Asker: 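The structure that follows is given in the form of structure tokens.
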Amino acid sequence: LVGSEMCIRDRQITSLEERVTTIEKQIEDLQNGNNGGGCDVDCEAQLKELREALETAKAELQIDVNGAMRDPLPVAFPEMIHEGFFLGQTGNKIRDVVIADLERSGLFRIIPEGSYIQTLTSINEQPNFVDWKAINAHALVQSAITEVDGNHLRIEFRLWDIYAQNQLKGQSFTTTKDNWRRVAHVIADAIYERLTGEKGYFDTRIVYVSETGPKTKRTKRLAIMDQDGENHKFLTSGASMVLTPRFSPNLQKVTYMSYAGNTPRVYILDIETGRQELLGNFPGMTFAPRFSPDSSKVVLSYASNGKSDIYEMDLKNRRSKQLTSGNSINTSPSYSPDGSQIVFNSDRGGNQQLYVMNADGSDVHRISFGSGRYATPVWSPRGDYIAFTKMAGGQFYIGVMYPDGSGERLLASGFLVEGPTWSPNGRVLMYFRQDNSTASPVKLYSIDLTGYNERQIVTPGEGSDPAWSPLLP
């Protein structure tokens, strides 16, 4: 990728690589007795310095979603260009949502408007790159909002690379006036993807268990909201306790466990229609459900006679298949993104550990070997990590490891941290946390893979068991 098709991070690295190549050529000319390359006696020192700079750039550039963030990328985002009071108000709300999404990722820093030199008055106006470079902006978001008719708005933006002096992205949207928040999330995703080379995760929803009432008599019901906590609503009445909701990867459906009828069973709920159906006709307790990557199956645990085994159910013909056996407790299954493997936790080895098996139940092998116990594994949508809950030394941890069990890293810890769920781009985890004691409130938090960007997700009451949706269609 070259020119405007290259994200800022790639362009900076490529620039350094080109400089190193130039110096290497100069040294070669010097060693061959050809001074036409213009290299002096400091070539070796220059080469060493540039190679060090290149490695530093690759490891520490601002937009490095795999490593620890040191300096978020400075982005200028002026007020949306508009005419009239109503459009100005709506434009400010859209801009606020986009900024909040970008800053919450930890990868971007929005430069305060008071330092801006140029005032943009038209979406077609060319930025004065010198002015934006003077305030150390690496990227500029230029945007405008206009009224199409009494019910519709036109919202557009352009993303500029200040140092390359070219446009990286440009989009426009015609939408109903009440859909402005959704458009804001879509814009944030577009900016995130263009600057990082990774898919965004802002136009998504979270389903979770809302908890109210005293600890001895909790009301637990399903709730759903945007990933930033807005557009909150309840999906169940609270008449029956619910646990472990899980989103379908490509449908607006949720599978979860409910105590309806005083028997814990797995159900599927259609979010759009509100239709709920019992999954399977198991005589005992079923729990810990999760969809397959293509949403054609659900894998779950079935408890009977003091043990539990993992079953897979085909949603078309409702036939179930037993995948594990023996006298142990096998639970919390999660498919790999290609559907070929399943990770789960089991006490078959004496204490709770993580295991991986083929989707047909064959080739079961243990992958966790650290101290303590492991639970609630969930495979990253990218396939590169498995997240988990760990219990060791009187503490709970949220961590990740590679699918073969190597590279274990602990990202969050506390009195109780549990139930990780992945953002659809596989770069952020959400989970629930309870600090200090069982009397403390239960809250939702998110953290990125660096472990440095932990943030609370505000909910109307207490919340647990979050599940992240795919990007909305």
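No experiment lies behind these values; they were computed from the predicted model shown. These numbers come from the heavy atoms of this one structure, side chains and all, not from hydrogens, waters or symmetry mates.
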Asker: Determine yes or no for a side-chain-to-main-chain donor-acceptor pair under 3.5 angstrom, with D96 supplying the side chain and I99 the backbone.
Answerer: no
Asker: Hey, would you say the Y208 and H232 ring centroids sit under 6.0 Å apart?
Answerer: yes
Asker: Working to the nearest 0.5 Å, report the span between CZ of R366 and CD of Q353.
Answerer: 4.0 Å
Asker: So, do I187 and V97 sit near enough that their side-chain heavy atoms are less than 4.5 Å apart?
Answerer: no
Asker: Tell me, yes or no, whether the heavy-atom count around R319 atom CZ, taken from other residues, nucleotides or ligands under 6.0 Å, exceeds 12.
Answerer: no
Asker: Using side-chain heavy atoms (C-beta onward) and a distance below 4.5 Å, is Q434 in contact with V417?
Answerer: no
Asker: Would V299 and I342 count as a side-chain contact (heavy atoms from CB on, under 4.5 Å) if you check the C-alpha gap in whole Å, the side-chain angles of each, and the deciding distance to 0.1 Å?
Answerer: CA-CA 9 Å; V299 67; I342 294 171; 4.2 Å; yes
Asker: Is the side chain of D161 donor-acceptor paired with the backbone N or O of A164 at a distance under 3.5 Å, no angle test?
Answerer: yes
Asker: I'd like to know if the side chain of D189 and the backbone of F202 have a donor-acceptor N/O pair within less than 3.5 Å.
Answerer: yes
Asker: Run the numbers on I447 and N453 for side-chain contact (heavy atoms from CB on, under 4.5 Å), then give the verdict.
Answerer: CA-CA 5 Å; I447 196 165; N453 186 31; 5.6 Å; no
Asker: Step by step, work out the side chain to side chain donor-acceptor pair (under 3.5 Å) result for S240 and S258.
Answerer: CA-CA 7 Å; S240 301; S258 171; 4.6 Å; no
Asker: Just by modelled atom types, is the I329 backbone N or O under 3.5 Å from a matching donor or acceptor in the D347 side chain?
Answerer: yes
Asker: Nearest 0.5 Å, what's the OG-OH distance between S368 and Y374?
Answerer: 5.5 Å
Asker: For S143 and E156, does a side-chain donor sit closer than 3.5 Å to a side-chain acceptor?
Answerer: no
Asker: Is a side-chain donor-acceptor pair under 3.5 Å present for S295 with S248?
Answerer: yes
Asker: Donor-acceptor check, side chain of R95 to backbone of P78, threshold 3.5 angstrom: yes or no?
Answerer: yes
Asker: So do the side chains of V98 and F77 get within less than 4.5 Å of each other, counting heavy atoms only?
Answerer: yes
Asker: By the salt bridge (Lys or Arg N to Asp or Glu O under 4.0 Å) test, which pairs, at least two apart or in different chains, include something from residues 457-470?
Answerer: K215-E462, R218-E462
Asker: Taking NZ in K199 as the centre, count heavy atoms belonging to other residues, nucleotides or ligands within less than 6.0 Å. Is the count above 12?
Answerer: no
Asker: P381 and S423: which non-hydrogen atoms are nearest, and at how many Å?
Answerer: CG-O, 3.5 Å
Asker: Look at the side chain of R194 and the backbone N and O of L168, then say whether any donor-acceptor pair between them is shorter than 3.5 Å.
Answerer: yes
Asker: So, K443 and E211, do they make that salt bridge, N to O below 4.0 Å?
Answerer: no
Asker: Can you check salt bridge (charged side-chain N to carboxylate O under 4.0 Å, His left out) on D203 and R182, steps first, answer last?
Answerer: CA-CA 7 Å; D203 187 28; R182 171 83 191 276; 2.7 Å; yes
Asker: Please work out which of the three classes, parallel, tilted or perpendicular, describes the rings of F157 and F173, given edges at 30° and 60°.
Answerer: parallel
Asker: Would you say the side chains of T204 and S469 form a donor-acceptor pair under 3.5 Å?
Answerer: no
Asker: Find out whether L315 and V298 are in side-chain contact, i.e. whether some heavy atom of one side chain is under 4.5 Å from a heavy atom of the other.
Answerer: yes
Asker: Quick check against the 3.5 Å criterion: does W422 have a side-chain atom that pairs as donor or acceptor with the backbone of V378?
Answerer: yes
Asker: Working to the nearest 0.5 angstrom, can you tell me the gap between L102 CG and L73 CG?
Answerer: 10.0 Å
Asker: Is any side-chain heavy atom of Y335 closer than 4.5 Å to a side-chain heavy atom of F291?
Answerer: no
Asker: Does any non-hydrogen side-chain atom of S446 lie less than 4.5 Å from one of R104?
Answerer: no
Asker: Please collect all salt bridge (Lys or Arg N to Asp or Glu O under 4.0 Å) contacts where either partner lies in residues 285-301, sequence neighbours excluded, each pair once.
Answerer: K297-E312
Asker: Parallel under 30°, tilted from 30 to 60°, perpendicular over 60°: which one fits the rings of F129 and W160?
Answerer: perpendicular
Asker: Output all residues satisfying ring pair (Phe, Tyr, Trp, His ring centres under 6.0 Å) with Y311, sequence neighbours left out; order by chain, then residue number.
Answerer: F282, Y302
Asker: Checking N330 against R348: is there a side-chain donor and acceptor pair closer than 3.5 Å?
Answerer: yes
Asker: Testing the 3.5 Å rule here: is there a donor-acceptor pair between the side chains of Q276 and Y256?
Answerer: yes
Asker: Does this structure show an ion pair linking R382 with D384, if we count only N-O contacts that are shorter than 4.0 Å?
Answerer: yes
Asker: If you round to the nearest 0.5 Å, how far is CG of L300 from CD1 of I310?
Answerer: 9.0 Å
Asker: Please report the shortest heavy-atom distance between P420 and I398, naming the atom on each side.
Answerer: CD-CD1, 3.9 Å
Asker: Would you find a donor on one side and an acceptor on the other, under 3.5 Å apart, between the side chain of R265 and the backbone of L278?
Answerer: no
Asker: Can you give me the closest heavy-atom contact between S464 and V442, atom names plus distance?
Answerer: CB-CG1, 3.9 Å
Asker: Hey, is the main chain of G361 close enough, under 3.5 Å, to the side chain of N358 for a donor-acceptor pair?
Answerer: no
Asker: Passes side-chain contact (heavy atoms from CB on, under 4.5 Å), T196 versus L107? Steps please.
Answerer: CA-CA 9 Å; T196 69; L107 300 176; 4.0 Å; yes
Asker: Does the Q322 side chain pair with the main chain of T324, one donor and one acceptor, at a distance under 3.5 Å?
Answerer: yes
Asker: Any salt bridge linking K390 with E408? Criterion: basic side-chain nitrogen under 4.0 Å from a carboxylate oxygen.
Answerer: yes
Asker: Under 6.0 Å from the ring centre and within 45 degrees of the ring axis: does the NZ or CZ of R455 meet both conditions for the six-membered ring of Y445?
Answerer: no
Asker: With a 4.0 Å cut-off on N to O distance, would you call D228 and R181 a salt bridge?
Answerer: yes
Asker: Should the pair F108 and Y192 be assigned to parallel (<30°), tilted (30 to 60°) or perpendicular (>60°) ring geometry?
Answerer: perpendicular
Asker: Are T459 and L444 packed together at the side-chain level, in the sense that at least one heavy-atom pair is separated by less than 4.5 angstrom?
Answerer: yes
Asker: Quick one, T389 with R373, criterion side-chain contact (heavy atoms from CB on, under 4.5 Å). Give me CA distance, side-chain angles, the key distance, then yes/no.
Answerer: CA-CA 8 Å; T389 301; R373 296 178 293 126; over 6 Å; no
Asker: Answer yes if the ring centres of Y355 and H365 are under 6.0 angstrom apart, and no otherwise.
Answerer: no
Asker: Just how far is it from atom OG of S413 to atom CG of L416, taken to the nearest 0.5 Å?
Answerer: 12.0 Å
Asker: Check this for me, if you would: do E230 and R205 make a salt bridge, where the nitrogen-to-carboxylate-oxygen distance has to be below 4.0 angstrom?
Answerer: no
Asker: Under 6.0 Å from the CG atom of D404, do we count more than 12 heavy atoms belonging to anything else shown?
Answerer: yes
Asker: About how many Å separate OG1 of T255 and NZ of K253, when rounded to the nearest 0.5 Å?
Answerer: 11.0 Å
Asker: Checking E454 against Y431 for the side chain to side chain donor-acceptor pair (under 3.5 Å) test, could you report, in this order, the C-alpha distance in whole Å, the side-chain angles of both residues, the deciding distance, and whether it holds?
Answerer: CA-CA 11 Å; E454 185 179 36; Y431 52 94; 2.3 Å; yes
Asker: Any side-chain heavy atom of H185 within less than 4.5 Å of one from Q227?
Answerer: yes
Asker: Would the number of heavy atoms belonging to other residues, nucleotides or ligands and lying under 6.0 Å from CZ of F234 be above 12?
Answerer: yes
